[in-house]
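Treat the numbers as computed from the prediction; the structure is a model and nothing was measured. As a basis for the values below, the full set of heavy atoms in this structure was taken, side chains included, without hydrogen atoms, waters or symmetry mates.
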Amino acid sequence: MSTVNIEDLARANVRALTPYQSARRLGGNGDVWLNANEYPLAVPFELSQQTLNRYPECQPKLVIERYAAYAGLTPEQVLVSRGADEGIELLMRAFCEPGKDAVLFCPPTYGMYSVSAETIGIEYRTVEAREDWQLNLPAIADQLEGVKLVYVCSPNNPTGNLINPDDLRQLLEMARGKAIVVADEAYIEFCPQATLASWLTEYPHLVVLRTLSKAFALAGLRCGFTLANKPVIDLLMKVIAPYPLSTPVADIAAQALSDQGIALMRQHVTDLIATREWLIDALKGCDCVEQVFASQTNYLLARFSASSQVFKTLWDQGIILRDQNKQPGLAGCLRISIGTREECERTIAALKPLPGAAGSREQA
């Protein structure tokens, strides 16, 4: 019997693909998980839907209506999917011809834009952000030919900063008639005044991505939203799976988007921001921390004098951070999700004994 190399049958781009290294995929045996930008405490919900013998609605009516009301839009401007990650991919499948069209994004930023493009077989172009992590608009203009989708994460992951709204308007004007501009607002609940959702009336080629994974404390639910004008939503409905949301997911999402659920989320955001400000001050008092960057999110980016040593020391103590060293411009940087106050205090206690730059060199 001849042996068959299954990998030879696979698509070349998949054979060459490095999959997205999600927090859970990276592993670790910690008990303080500060590497996935999750809300640190579970929010209790009760399953009320028992009709699991029936297929769910493709777009559950109550979920769509409640999210539209929450976002200040009409139901026809909302699509719900398996996390915002599915929204990223649906846009590529609807608008990009593999081998012909391209997508563009500006690192350092979220890793799924490149992974989704590679998986589907679409060219991706990168225009590195400026030193202040704002858009390099002239460089984007030079790369826009043949680009169908421009992804902009604001607030940006992993840097935590908002993108300048004037620059976003310039980008939208630059892309008008050529490309869709996708504003990834996964963290917008931590700075709701900065949302672009109200811009949809002005820009037919704007798309906004949202999620329940962060401030709504439902990362395990996998429920995200694409906000756009009806012509865009109609196209995405052609390529979305027949039943993207299971009945229990739709049930819990509707509860989270009730008036009580939204009020609870906003209280959690207030509490978390207070912990974030405490952590910023505490990090600045650690010798091993060179710089703490301002953040509009539920995580902080900090530069350490010996980041690999810091990462491993905390890992060994069960405190799991996210290494950002390989991202452009982020040498020495680790990202720290805002956990509970107790988890943050434990993190600071682990960092305090570690030496600064001079101490690191003396030990080297």
Give the cluster check for Ile188 versus Tyr39: same hydrophobic cluster or not, with ILVMFWY residues linked at side-chain heavy-atom distances below 4.5 Å. no

Do you see a donor-acceptor pair shorter than 3.5 Å between the side chains of Asn157 and Arg335? yes

Would Val207 end up clustered with Ile120 when hydrophobic side chains under 4.5 Å apart are linked, directly or stepwise? yes

Find out whether Thr195 and Arg210 are in side-chain contact, i.e. whether some heavy atom of one side chain is under 4.5 Å from a heavy atom of the other. yes

Same hydrophobic cluster for Leu354 and Val32, using side-chain heavy-atom links shorter than 4.5 Å among ILVMFWY? yes

For a quick test of reading the model, state the closest non-hydrogen atom pair linking Ala282 to Cys286 and the distance between them. O-SG, 3.5 Å

Could you tell me which residues satisfy side-chain hydrogen bond (donor to acceptor under 3.5 Å, both in side chains) with Thr119, sequence neighbours excluded, listed by chain and number? none

Here the pair of heavy atoms bringing Glu189 nearest to Thr211 is OE1-O, 4.5 Å

Could you walk me through whether Arg222 and Asp85 satisfy the salt bridge (charged side-chain N to carboxylate O under 4.0 Å, His left out) test, starting with their C-alpha distance in whole Å, then the side-chain angles of each, then the deciding distance to 0.1 Å, before giving a yes or no? CA-CA 9 Å; Arg222 308 309 303 128; Asp85 286 343; 3.6 Å; yes

Could you list the donor-acceptor pairs under 3.5 angstrom formed between side-chain atoms of residues 223-231 and any protein atom two or more places apart in sequence or on another chain?
| unit_1 | atom_1 | unit_2 | atom_2 | d |
| --- | --- | --- | --- | --- |
| Asn229 | OD1 | Gln77 | NE2 | 3.3 |
| Asn229 | ND2 | Leu200 | O | 2.9 |
| Lys230 | NZ | Asp234 | OD2 | 2.8 |

Which class fits the ring pair Phe216 and Tyr70: parallel under 30°, tilted 30 to 60°, perpendicular over 60°? perpendicular

For the residue pair Glu57 and Leu245, establish whether any side-chain heavy-atom pair is separated by less than 4.5 Å. no

Spacing of Ser307 atom OG and Leu334 atom CG [to the nearest 0.5 Å]: 5.0 Å

Spell out, yes or no, whether Met174 and Trp199 are grouped together once hydrophobic residues are joined by side-chain heavy atoms under 4.5 Å, including indirect joins. yes

Tested for side-chain hydrogen bond (donor to acceptor under 3.5 Å, both in side chains) against Asp184, the lone hit among Tyr113, Tyr151, Tyr110 is Tyr113

Anything under 3.5 Å between a donor and an acceptor, one on a side chain of residues 89-109, the other on a protein residue two or more places apart or in another chain? List them.
| unit_1 | atom_1 | unit_2 | atom_2 | d |
| --- | --- | --- | --- | --- |
| Glu89 | OE1 | Ser116 | OG | 3.4 |
| Arg93 | NH2 | Val239 | O | 2.7 |
| Asp101 | OD2 | Glu97 | N | 2.8 |
| Asp101 | OD2 | Lys148 | NZ | 3.2 |
| Thr109 | OG1 | Asn156 | OD1 | 2.7 |

One should read off an interatomic distance between Ser305 OG and Arg303 CZ, to the nearest 0.5 angstrom, of 11.5 Å

Provide the full list of side-chain hydrogen bond (donor to acceptor under 3.5 Å, both in side chains) pairs with a residue in residues 279-296, sequence neighbours left out, each pair given once. Ser295-Thr297

Step by step, work out the side-chain contact (heavy atoms from CB on, under 4.5 Å) result for Leu47 and Ile252. CA-CA 7 Å; Leu47 287 177; Ile252 292 169; 3.8 Å; yes

Interatomic distance, Ile64 atom CD1 to Gln59 atom CD [nearest 0.5 angstrom]: 4.5 Å

Just wondering, more than 12 heavy atoms not from Arg54 lying within 6.0 Å of its CZ? no

Taking the side chain as everything from C-beta on, heavy atoms only, tell me whether Asn35 gets closer than 4.5 Å to Phe311. no

Distance, nearest 0.5 Å, that separates CZ of Arg322 from CG of Asn325: 12.5 Å

Gap between atom CG of Asn161 and atom CD1 of Ile163 - 0.5 Å precision: 5.0 Å

Do Leu162 and Val181 sit in the same hydrophobic cluster, where Ile, Leu, Val, Met, Phe, Trp and Tyr count as joined when their side-chain heavy atoms come under 4.5 Å apart? no

Nearest atoms (heavy-atom pairs only) where Val232 meets Pro204: CG2-O, 4.1 Å

If you draw a 6.0 Å radius around CD in Glu46, do more than 12 non-hydrogen atoms from other residues or ligands fall strictly inside? no

Check Leu17 against Val115 and note the closest heavy-atom contact, atom names and distance. CD1-O, 4.3 Å

Tracing side-chain links under 4.5 Å among I, L, V, M, F, W and Y, which residues wind up in one group with Tyr55? Tyr243

When Ile, Leu, Val, Met, Phe, Trp and Tyr are grouped by side-chain heavy atoms lying under 4.5 Å apart, directly or through other members, which residues fall in the same group as Leu330? Trp133, Phe293, Leu301

Could you pull out all residues at least two apart from Lys178 that satisfy side-chain hydrogen bond (donor to acceptor under 3.5 Å, both in side chains)? none

Without placing hydrogens or testing angles, list every side-chain donor-acceptor pair under 3.5 Å for residues 264-272, not counting sequence neighbours.
| unit_1 | atom_1 | unit_2 | atom_2 | d |
| --- | --- | --- | --- | --- |
| Gln267 | NE2 | Asp271 | OD1 | 2.9 |
| Thr270 | OG1 | Arg266 | O | 3.1 |

For the CG atom of Leu300 and the CD1 atom of Ile338, what is their distance to the nearest 0.5 Å? 4.0 Å

Does the gap between the ring centers of Tyr299 and Tyr187 come in under 6.0 Å? yes

The criterion is side-chain hydrogen bond (donor to acceptor under 3.5 Å, both in side chains); which residues satisfy it with Gln134, sequence neighbours excluded? none

From CA spacing to verdict: side-chain contact (heavy atoms from CB on, under 4.5 Å), Leu218, Val43: CA-CA 8 Å; Leu218 288 170; Val43 178; 5.7 Å; no

For a quick test of reading the model, state the closest non-hydrogen atom pair linking Ala36 to Ser337 and the distance between them. N-OG, 3.5 Å

Which pairs count as salt bridge (Lys or Arg N to Asp or Glu O under 4.0 Å) when at least one residue sits in residues 152-174, sequence neighbours excluded? Arg169-Glu202, Glu173-Arg176

Side chain proximity check, Pro165 to Leu196, heavy atoms < 4.5 angstrom: no

For Tyr203 and His205, take the angle between the two ring planes, folded into 0 to 90°, and tell me which bin it lands in: parallel under 30, tilted 30 to 60, perpendicular over 60. perpendicular

Quick one, Val150 and Leu144 - any side-chain contact, counting heavy atoms below 4.5 Å? yes

Any non-hydrogen side-chain atom of Met237 less than 4.5 Å from a side-chain atom of Cys58? yes

For residues 333-355, the ring pair (Phe, Tyr, Trp, His ring centres under 6.0 Å) pairs (sequence neighbours left out) are none

side-chain hydrogen bond (donor to acceptor under 3.5 Å, both in side chains) partners of Glu86, counting only residues at least two apart: Arg82

Any non-hydrogen side-chain atom of Pro155 less than 4.5 Å from a side-chain atom of Phe190? no

Heavy-atom count check: over 12 atoms from other residues, nucleotides or ligands less than 6.0 Å from Asp259 CG? no

Correct closest heavy-atom pair for Gln327 and Pro158 would be NE2-CD, 3.7 Å

Any side-chain heavy-atom pair of Glu345 and Ile348 under 4.5 Å: no

